[in-house]
Protein chains: 2
Amino acid sequence: MALAEHACTRESAVAARIDVSPCNACPVRSMSVCSALEADELKRLADILVSVKVDAGHTLFAEGDGADTLFNVTAGTMKLYKLLPDGRRQITGFLLPGDFLGLSINDTYAYSAESVTPATLCRFPRRRLEGLLEDYPKMQRRLFAMASSELAAAQDQMLLLGRKNAKERIASFLLMLSERARRRGYAENPVHVPMSRSDIADYLGLTTETVSRTFTQLKTSRAISLLEGGKVRLNDMEILQELAEGA
Amino acid sequence: MALAEHACTRESAVAARIDVSPCNACPVRSMSVCSALEADELKRLADILVSVKVDAGHTLFAEGDGADTLFNVTAGTMKLYKLLPDGRRQITGFLLPGDFLGLSINDTYAYSAESVTPATLCRFPRRRLEGLLEDYPKMQRRLFAMASSELAAAQDQMLLLGRKNAKERIASFLLMLSERARRRGYAENPVHVPMSRSDIADYLGLTTETVSRTFTQLKTSRAISLLEGGKVRLNDMEILQELAEGA
DNA sequence: AGCGCGCCTTGATCCAGATCAAAGCGCGAC
DNA sequence: GTCGCGCTTTGATCTGGATCAAGGCGCGCT
């Protein structure tokens with residue numbers, strides 16, 4: 001698997017707050033879809049990559065927009081969400097470096113995407129990607145595998161939203177962040193929690209007040225410690241695990 | 001697209017309550033994955049199909065079982081669910097004819113599958129299917145498309161579980177059943193609701209009592225009528241639509 | 001420094017839906 | 001038929017988390 005960086009087409013900014021730069025900031029190696037690709041596949045892929053930088057709180061696209069672009073997060077954290085007409089919001093997922101957005105079959109996005117922190121993404125025109133998939137079935141398989149594991153995560157989240165109480169939700173959330181950090185080779189404890197209370201609430205189907213109170217409870221019971229800089233130390237993974245699974 | 005039926009290997013029953021019969025009961029055409037396949041692809045697929053009949057309430061497989069088989073529902077309704085250690089249950093989906101189960105990348109199933117009504121399914125050994133996918137990229141694409149649309153449905157369900165109230169959940173549920181019936185060419189109104197109150201409750205993150213009361217409320221407000229035989233008439237789709245979207 | 005604005009926390013109260021309890025109501029077995 | 005069992009409905013009560021309300025705290029801006 002190549003670690004080399006690939007030069008990419010520079011492109012003018014597409015919106016006021018989006019800064020498009022060459023792809024050096026976006027090594028192809030960060031895209032998990034590309035592992036197991038051959039050199040010529042990588043080369044061809046690199047040709048259509050464009051790196052995009054956004055501030056925190058930037059809306060990349062909104063539910064219903066034409067889905068002509070596929071993104072891969074290379075730095076920062078993104079959130080995906082759906083809204084009800086009256087403004088109620090459900091965050092369906094947080095994306096970390098390596099994750100994809102816009103893997104839609106339909107011609108419009110099924111959710112909105114917004115940055116939680118300043119973020120960098122790779123952009124692919126979807127049309128060109130599709131041509132690529134025709135030629136390289138391995139990539140097709142990788143995409144399918146990713147969709148499958150997203151689906152599994154979605155099912156876990158349904159169990160959480162439908163049947164877990166507030167404490168179990170928060171414990172599950174922290175363990176998930178910890179596990180994801182571990183798998184990406186970052187420090188998994190203390191966990192970095194870059195998102196706001198209100199984002200956490202909208203992800204877990206709670207309110208900010210309940211999220212805040214539950215953090216306080218877990219802190220009081222010594223299960224976790226709240227550190228500065230949005231870090232949370234998990235003092236006893238096993239206790240949290242039991243909590244999360246509702247044992 | 002072929003409508004012809006394909007002969008299949010007969011196989012002895014794999015469990016007391018499972019009745020395995022030739023594939024005449026399971027025309028290939030019922031598998032949505034096969035549309036757009038060529039004749040030789042269909043023929044090869046037919047070679048590995050086995051039809052399986054189960055009673056209502058039969059557990060096809062449980063979460064954690066080795067995932068060596070892929071199923072396609074050809075008749076009846078199935079439910080997929082996850083359990084917490086203390087028995088709380090979340091049903092993550094109901095499957096109608098044409099839907100797939102066991103589309104897992106992992107080597108164990110991520111959920112349990114049980115029949116809601118008597119059901120018939122097609123069985124594929126997963127290993128043989130994988131060989132097939134290597135050779136026929138179109139099928140790969142179809143599978144990816146299916147996973148994508150399941151993912152979109154899962155995100156809708158997260159919005160429902162995280163942010164909708166009981167009335168909105170029931171309205172959304174009925175509209176979903178109606179829409180699925182319509183797309184399959186069945187009567188969409190009245191809708192056939194084959195699952196028990198407790199299955200509905202575990203799908204919508206409610207209790208049987210709340211489901212029952214909410215049906216009664218909707219009936220009292222004339223939005224729906226409860227007919228015999230598990231049928232529900234949607235008296236005013238538009239009112240229900242507004243309810244479902246929380247407008 | 002002082003101001004303003006977003007967050008976050010904490011407290012008081014409320015309420016939708018859970019829980020507990022008790023009938024109905026089919027329906028299959030005998 | 002009638003017995004028993006599982007499913008559904010309905011009623012009474014309870015409660016976890018929502019809602020309403022008020023500060024506190026950090027941070028960027030002037």
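Naming: A, B, ... by sequence-line order, numbering from 1 per chain.
Taking 4.0 Å as the cutoff to heavy atoms of chain B, we find the contact window on DNA chain D bounded by dT8(D) to dA12(D).
Scanning both residues, Thr208(A) and Ala201(A), for their nearest heavy atoms gives N-CB, 3.6 Å.
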Run the numbers on Gln90(B) and Tyr81(B) for side-chain hydrogen bond (donor to acceptor under 3.5 Å, both in side chains), then give the verdict.
-> CA-CA 5 Å; Gln90(B) 179 65 37; Tyr81(B) 59 90; over 6 Å; no

Given side-chain hydrogen bond (donor to acceptor under 3.5 Å, both in side chains), test Ser225(B) with Asn235(B) step by step and report yes or no.
-> CA-CA 7 Å; Ser225(B) 306; Asn235(B) 293 327; 3.1 Å; yes

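Atom pair Glu228(A):CD and dC8(C):P shows a separation of 16 Å (rounding to whole Å applied). What separates CZ of Arg197(A) from C1' of dT10(C) is a distance of 14 Å, to the nearest Å. Per the geometry, CG belonging to Leu226(B) stands 15 Å off P belonging to dC25(C), to the nearest Å.
Direction of the helix axis in the helix from dA1(C)-dT30(D) to dC30(C)-dG1(D) shifts by 30° between the two five-pair termini, rounded to 10°.
Side-chain N/O atoms of Lys82(B) and Ser112(B) include no donor and acceptor closer than 3.5 Å.
Between the Thr69(A) side chain and the Phe124(A) main chain, no donor and acceptor come within less than 3.5 Å of each other.
Between atom CZ of residue Arg88(A) and atom NZ of residue Lys164(B) there is a gap of 8.5 Å, rounded to the nearest 0.5 Å. Once rounded to the nearest 0.5 Å, the distance linking CZ of Arg233(A) with CG of Leu174(A) reads 13.5 Å.
Below 30°, between 30° and 60°, or above 60°: for Phe61(A) and Tyr109(A) the angle between ring planes is below 30°, a parallel geometry.
Using a 4.0 Å heavy-atom criterion, one finds that Thr208(B) contacts no nucleic acid atom at all.
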Indicate for each nucleotide in nucleotides 16-21 of chain C, in 5' to 3' sequence, whether protein heavy atoms under 4.0 Å reach the base (B), only the sugar-phosphate (S), or nothing (-).
-> -SSBB-

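Residues Thr210(A) and Thr214(A) meet the side-chain proximity criterion, which asks for heavy atoms closer than 4.5 Å. Using a 4.5 Å heavy-atom threshold, the side chains of Leu218(B) and Val232(B) count as separate.
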